[in-house]
Amino acid sequence: MAKIIVTGGTGYIGSHTATELINSGYEVIIVDNLSNSNINVLDGIKKITGIKPVFFKTNLADASETKGFFNHVADADALIHFAAYKAVGESVKHPLKYYRNNLNSLLNVLENMFEKGIKNLIFSSSCTVYGQAENLPVTELSPILKADSPYGNTKQISEEIIRDSIKASTQIKAISLRYFNPIGAHESAEIGELPTGEPNNLVPYITQTAAGIREQLKIFGNDYNTPDGTAIRDYIHVTDLAKAHTAALQRLLNLENKSNYEIFNIGTGEGNSVAEVVRTFEKVTGIKLNTKVVGRRPGDIEKIWADVSLAEKELKWKAEKSLGEALLSAWIREKKYRGI
Ligand code: UFG
């Protein structure tokens, strides 16, 4: 049974990936500092899989804490690195916090992987590295534009740190997965996005509006150059995204990778506008949302969706769940969490 370290494993994508890994027969070790997640997530994972993963509370941005952690897991076969801050707006206000946390943790993780001989890395990257691409859909070869936020910049710099480290030594192989917009929750509703404070992202805002926690969903702009004027994204069910990690892991462990550092877009390949997301939510749940069109949100791009042909061919993976299924799962999770 291969042993996989999942950093940030109590977070949103980390917990869904840990669940998929356990269900695929891997031994999972979660490390997280719980700065933006809850220890109860481990119980959710246990309810789904029957196994409570081994957990270490460690701040990976701290070099000595990280070294201590790796002394316990030196025999791991691979590491999936999710642990990072992820709020775009906050990163604009507190750039140093973002650079310090997201980059130091990656440096510490890489140094310890080299030291302990842990050979395989999967990194959480983001479609944010493309900015507003001129040509859609974006492929992995689309230009990397200047990042719009410090958060986005940490993803660009992290990809470069990994590329340079791997160029300097063939000891480690890595895959970066560039996620599009992950939404939804596990079908059991035992895990999902942790709702802390007013959500920044569209789908948690929708489900909280439907639950009566937020009065109104603001639609940020209807004057974009898109068919209905609202912005377009590629929304992927978080379970499909989690499965892309097991596919990438298998590729590395089975020595199927074509180079020591590979990058894949992970999306559905389809773009949906904000208005379409709202309409689909209303259709699958039967709930009418209170919405209001307001001005554009600063820093938002107009439209992006993924070309996923490389992931389909090489990882033999494909997103399977529809937008409606993803939105319904987010709503079912919201209801379970709130006891509605
Ligand atoms: N939106 C609204 N109302 C809201 C929230 C969002 O209309 O209350 C709109 C946004 O303007 C955007 C779309 O819904 O057009 C999606 O917004 P999200 O905040 O859900 O997602 P983003 O596309 O902004 O964020 C994504 C990823 C982030 C990543 C970011 C980089 O989810 O992880 O791109 O720009 F960092």
Side-chain angles (χ1 to χ4, degrees), residues 8 11-14 36 82-92 95 98 102 123-133 136 138 144-159 177-184 193-195 197-211 213-238 241 265-268 270-281 289-306 323 326-327 330:
Y12 175 43
I13 307 173
N36 189 26
F82 293 104
Y85 292 151
K86 61 171 186 177
V88 177
E90 187 192 34
S91 81
V92 175
Y98 271 67
N102 292 6
F123 177 68
S124 280
S125 191
S126 165
C127 68
T128 187
V129 301
Y130 298 116
Q132 180 56 73
L136 292 169
V138 285
I144 301 298
L145 304 179
K146 192 176 161 359
D148 287 324
S149 69
Y151 160 78
N153 207 18
T154 68
K155 293 296 176 193
Q156 291 189 359
I157 296 169
S158 294
E159 285 195 4
L177 300 179
R178 291 181 179 156
Y179 313 149
F180 284 69
N181 286 47
I183 60 166
E193 258 184 293
L194 183 71
E198 190 172 353
N200 294 304
N201 297 114
L202 179 62
V203 172
Y205 216 104
I206 287 177
T207 56
Q208 289 196 17
T209 306
I213 297 158
R214 309 286 153 199
E215 204 185 314
Q216 189 171 54
L217 171 75
K218 294 181 199 72
I219 295 177
F220 297 139
N222 66 353
D223 57 350
Y224 285 109
N225 182 24
T226 60
D228 64 26
T230 63
I232 293 178
R233 300 286 184 275
D234 182 335
Y235 295 93
I236 175 168
H237 194 301
V238 68
L241 176 56
N265 284 343
I266 303 296
T268 65
E270 269 182 43
N272 285 105
S273 72
V274 175
E276 281 172 333
V277 173
V278 168
R279 234 184 2 255
T280 306
F281 181 86
L289 288 168
N290 178 19
T291 64
K292 182 182 174 193
V293 175
V294 299
R296 294 182 181 192
R297 184 171 66 177
D300 268 351
I301 58 166
E302 183 166 270
K303 51 189 165 197
I304 189 163
W305 63 95
L323 179 64
L327 292 169

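Source: prediction; values computed, not measured. Each ligand, and each atom within it, is numbered from 1 in the order the structure gives.
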Task: Spacing of OG belonging to S124 relative to CD1 belonging to I266, to within rounding of 0.5 Å - done: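 Rounded to the nearest 0.5 Å, the OG-CD1 separation comes to 11.0 Å.
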Open item on the list: Using modelled atom types and a 3.5 Å cut-off, is there a donor and acceptor pairing between side-chain atoms of Q156 and backbone atoms of L145?
Closed with: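 Side chain of Q156 to backbone of L145, a donor-acceptor pair under 3.5 Å: yes, one is there.
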Task: Derivation of the side chain to side chain contact (heavy atoms under 4.5 Å, CB included) call for T268 and H237 - done: CA-CA 9 Å; T268 65; H237 194 301; over 6 Å; no
Open item on the list: Within the 4.5 Å heavy-atom criterion, are I304 and I232 side-chain neighbours or not?
Closed with: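 Not in contact.
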Give every pair formed by an N or O atom of ligand 1 and a protein N or O atom closer than 3.5 Å, one pair per line with both atom names and the distance to 0.1 Å, or write none.
residue	atom	partner	partner atom	Å
ligand 1	3 (N)	K218	O	2.7
ligand 1	7 (O)	K218	O	3.3
ligand 1	7 (O)	F220	N	2.9
ligand 1	11 (O)	D300	OD2	2.4
ligand 1	17 (O)	R297	NH2	3.4
ligand 1	19 (O)	N201	ND2	3.0
ligand 1	19 (O)	R297	NH1	3.4
ligand 1	19 (O)	R297	NH2	2.9
ligand 1	20 (O)	N201	ND2	3.4
ligand 1	20 (O)	L202	N	2.8
ligand 1	21 (O)	N181	ND2	3.1
ligand 1	23 (O)	N181	ND2	3.0
ligand 1	23 (O)	R233	NE	2.6
ligand 1	24 (O)	R297	NH2	2.8

- [ ] Name the orientation class of the two ring planes belonging to Y98 and Y151 (parallel below 30°, tilted from 30 to 60°, perpendicular beyond 60°).
- [x]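 Geometry flag for Y151 against Y98: perpendicular rings.
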- [ ] Assess R296 against Y224: is NZ or CZ under 6.0 Å from the centre of the six-membered ring, and within 45 degrees of the ring's axis?
- [x]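 Judged by the rule, R296 and Y224 form a cation-pi pair.
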